[in-house]
A.B. asks: 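Below is a structure I'd like to ask you about.
Atoms within a ligand are numbered from 1 in the order they appear, just like the ligands themselves.
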Amino acid sequence: MRHFLRDDDLSPAEQVEVLELAAAMKADPYGFKPLAGPQTVAIMFDKSSTRTRVSFCVGVADLGGNPLVMESSSTQAGRGEPIADTARVLGRMTSAVVWRTYNQVDLETMAEYSGVPVINSLSDDFHPCQILADWLTIKEHKGDLAGLTVAYVGDGANNMGQSYVLGAATAGMHIRIGAPDGYQPADAVVADALAIASETGGSVMLTNDPIEAVARADVVITDTWVSMGQEDEKAERIALFGDYSVTAELLSHAKPDAIVLHCLPAYRGLEIAAEVIDGPQSVVWDEAENRLHAQKAIMAWLLNH
Ligand code: CP
Ligand code: NVA
């Protein structure tokens, strides 16, 4: 039984397989029916979502299955039923569980007890489905991932920062994180990424200088400075991250043909300037669409392993 709880749950070769399957599914959206039956996939949310909700619902339907969307607040899990008990019930009736939650350890419990593949659709620590969509997008615009330089500027300690480090190392990319001191990915995550990068030829660079991070990069990425659950820290975060905004000036330090990604939702004028996200180097709408194709691929791949 395989799960997708963090980016390095796929080996480098497996990440390539999933991305190739995603491209094939994008080319033939209704040609793959691994959920025929229809089998049901439970899709549970402890946090808000637009893209993840739509892409998993549409994706499960495209694959011939039945998407069962649940807001945790209206389930017994939301009232304190143990996760292991919820997991065992979901596993008796569904073919896979997709869960957006806070604590990574809770996803591990779900995976341990459900008996079906579990997919992390965002936790406080990782957002691995987003990284698959991003890599599919970068492949479409830049070709082979290995050897590309990707700069992520902003909150390096959030789910996106940590997933970029692991996912890029897996893909053999050179990942640079430009974040204030104290907001870099966790040491343990960086150590795991460095071990993977030593096999794939990738590299990891951490800096508090946003220009150093972006210099001559092929891809420039940012994310909100205030992730879900951090709303109380909003004012201090906006003050702290001000120098890390992806403006046209910062982007001018990347390669002239660099592309810009943002997982969305975006806050124009904070982590990214309107002229950048709405400008010619931005590929954020391709990126958002690719959530659908990438997640169909990871669901099909897990069901087959
Ligand atoms: N990027 C992303 O996960 O978007 P949602 O929060 O809208 O699902
Ligand atoms: N880092 C953001 C990503 C949203 C998709 C958050 O967790 O809110």
Side-chain angles (χ1 to χ4, degrees), residues 4-7 22 41-60 67 69-73 98-104 106-107 119-138 152-167 175 177-180 183-186 189 219 221-234 236-238 240-241 244-246 260-268 270-272 277 282-299:
F4 191 49
L5 306 186
R6 41 185 276 166
D7 306 83
V41 174
I43 307 166
M44 200 157 74
F45 290 97
D46 298 4
K47 296 179 177 175
S48 302
S49 168
T50 299
R51 280 144 288 270
T52 304
R53 185 183 307 263
V54 175
S55 54
F56 269 109
C57 283
V58 172
V60 168
V69 177
M70 289 179 286
E71 309 303 326
S72 314
S73 56
V98 177
W99 190 14
R100 168 168 287 196
T101 191
Y102 293 85
N103 298 318
Q104 189 72 15
D106 291 343
L107 282 155
I119 296 175
N120 174 6
S121 59
L122 183 147
S123 66
D124 288 347
D125 290 347
F126 302 106
H127 195 2
C129 292
Q130 182 71 53
I131 271 54
L132 289 179
D134 287 21
W135 285 187
L136 180 61
T137 309
I138 295 170
Y152 170 80
V153 181
D155 183 2
N158 75 6
N159 37 28
M160 294 306 304
Q162 301 215 123
S163 270
Y164 281 124
V165 167
L166 284 182
I175 179 74
I177 305 288
Y183 292 85
Q184 292 287 356
V189 172
V219 182
I221 312 182
T222 189
D223 180 26
T224 182
W225 297 333
V226 187
S227 286
M228 291 180 276
Q230 298 174 337
E231 291 78 5
D232 291 350
E233 302 168 28
K234 185 172 178 182
E236 67 187 80
R237 282 176 164 273
I238 287 174
L240 180 74
F241 285 103
Y244 296 82
S245 183
V246 177
V260 174
L261 280 77
H262 189 310
C263 66
L264 307 175
Y267 301 91
R268 289 169 175 77
L270 292 178
E271 78 273 7
I272 193 162
I277 193 168
S282 169
V283 296
V284 299
W285 309 118
D286 291 347
E287 180 186 7
E289 180 194 326
N290 282 337
R291 293 292 301 280
L292 170 64
H293 312 299
Q295 288 160 193
K296 285 169 67 176
I298 190 66
M299 284 190 282

A.B. asks: Students should be able to answer this: which protein heavy-atom is nearest to atom 4 (C) of ligand 2, and at what distance?
C.D. replies: L122 CD1, 3.9 Å
A.B. asks: Do any N or O atoms from the side chain of T222 and from the backbone of G154 form a donor-acceptor pair under 3.5 angstrom?
C.D. replies: no
A.B. asks: Go through ligand 2 atom by atom and flag the ones less than 4.0 Å from a non-hydrogen atom of S227.
C.D. replies: 1 (N), 2 (C), 6 (C), 7 (O), 8 (O)
A.B. asks: Do the ring planes of Y164 and W135 sit parallel (below 30°), tilted (30 to 60°) or perpendicular (above 60°)?
C.D. replies: tilted
A.B. asks: Just to be sure I read this right, does ligand 2 sit under 4.0 Å from the backbone of L264, its side chain, both, or neither, counting only heavy atoms?
C.D. replies: backbone
A.B. asks: Is there a donor-acceptor contact under 3.5 Å from the side chain of N290 to the main chain of H293?
C.D. replies: no
A.B. asks: Select the closest option to atom 3 (O) of ligand 1 among R100, E287, K47, R51, judged by heavy-atom distance.
C.D. replies: R100
A.B. asks: Considering both backbone and side-chain atoms of C263, is one of its nitrogen or oxygen atoms within less than 3.5 Å of a nitrogen or oxygen in ligand 1?
C.D. replies: yes
A.B. asks: Applying a heavy-atom cut-off of 4.0 Å, say which part of D155 lies close to ligand 2: side chain, backbone, both or neither.
C.D. replies: neither
A.B. asks: Checking N159 side chain against S123 main chain: does a donor-acceptor pair fall under 3.5 Å?
C.D. replies: yes
A.B. asks: Closer than 4.0 Å to some heavy atom of D223 - which atoms of ligand 2 meet that?
C.D. replies: 1 (N), 2 (C), 3 (C)
A.B. asks: Would a distance-only check, ignoring hydrogens and angles, find a side-chain to backbone donor-acceptor pair under 3.5 Å from S121 to W99?
C.D. replies: yes
A.B. asks: Quick one: does T52 get a heavy atom under 4.0 Å from ligand 2?
C.D. replies: no
A.B. asks: Of all the atoms in ligand 2, which lie at a distance below 4.0 Å from a heavy atom belonging to N158?
C.D. replies: 1 (N)
A.B. asks: Any non-hydrogen side-chain atom of R51 less than 4.5 Å from a side-chain atom of P265?
C.D. replies: yes
A.B. asks: Mark yes or no for whether E236, through its side chain, and E233, through its backbone, hold a donor-acceptor pair below 3.5 Å.
C.D. replies: no
A.B. asks: Between T137 and E287, is there a side-chain donor-acceptor contact under 3.5 Å, judged purely by atom types and distance?
C.D. replies: no
A.B. asks: Could you check whether any side-chain heavy atom of L5 comes within less than 4.5 Å of a side-chain heavy atom of F126, counting everything from C-beta outward?
C.D. replies: no
A.B. asks: Which residue supplies the protein heavy atom nearest to atom 8 (O) of ligand 2, what is that atom called, and how far is it?
C.D. replies: M228 N, 2.8 Å
A.B. asks: Counting both backbone and side chain atoms, is some N or O of R53 under 3.5 Å from an N or O of ligand 1?
C.D. replies: no
A.B. asks: Show the atoms of ligand 1 that are less than 4.0 angstrom away from any heavy atom in T50.
C.D. replies: 5 (P), 7 (O), 8 (O)
A.B. asks: Could you check whether E271 pairs with R237 (Lys NZ or Arg NE/NH1/NH2 to Asp/Glu carboxylate O, under 4.0 Å)?
C.D. replies: no
A.B. asks: Which of the numbered atoms in ligand 2 are below 4.0 angstrom from a heavy atom of T224?
C.D. replies: 2 (C)
A.B. asks: Counting non-hydrogen protein atoms only, what is the nearest one to atom 2 (C) of ligand 1? Give residue, atom name and distance.
C.D. replies: R291 NH1, 3.2 Å
A.B. asks: Test side chain to side chain donor-acceptor pair (under 3.5 Å) on Q295 and S55; report intermediate values, then the result.
C.D. replies: CA-CA 8 Å; Q295 288 160 193; S55 54; 2.9 Å; yes
A.B. asks: Which ligand 1 atoms does H127 reach within 4.0 Å, using its non-hydrogen atoms?
C.D. replies: 2 (C), 3 (O)
A.B. asks: For atom 7 (O) of ligand 2, grab the closest protein heavy atom and report residue, atom and distance to one decimal in Å.
C.D. replies: N159 ND2, 2.9 Å
A.B. asks: Using a 4.0 Å heavy-atom threshold (strictly under), name the region of L122 that reaches ligand 1: side chain, backbone, both or neither.
C.D. replies: neither
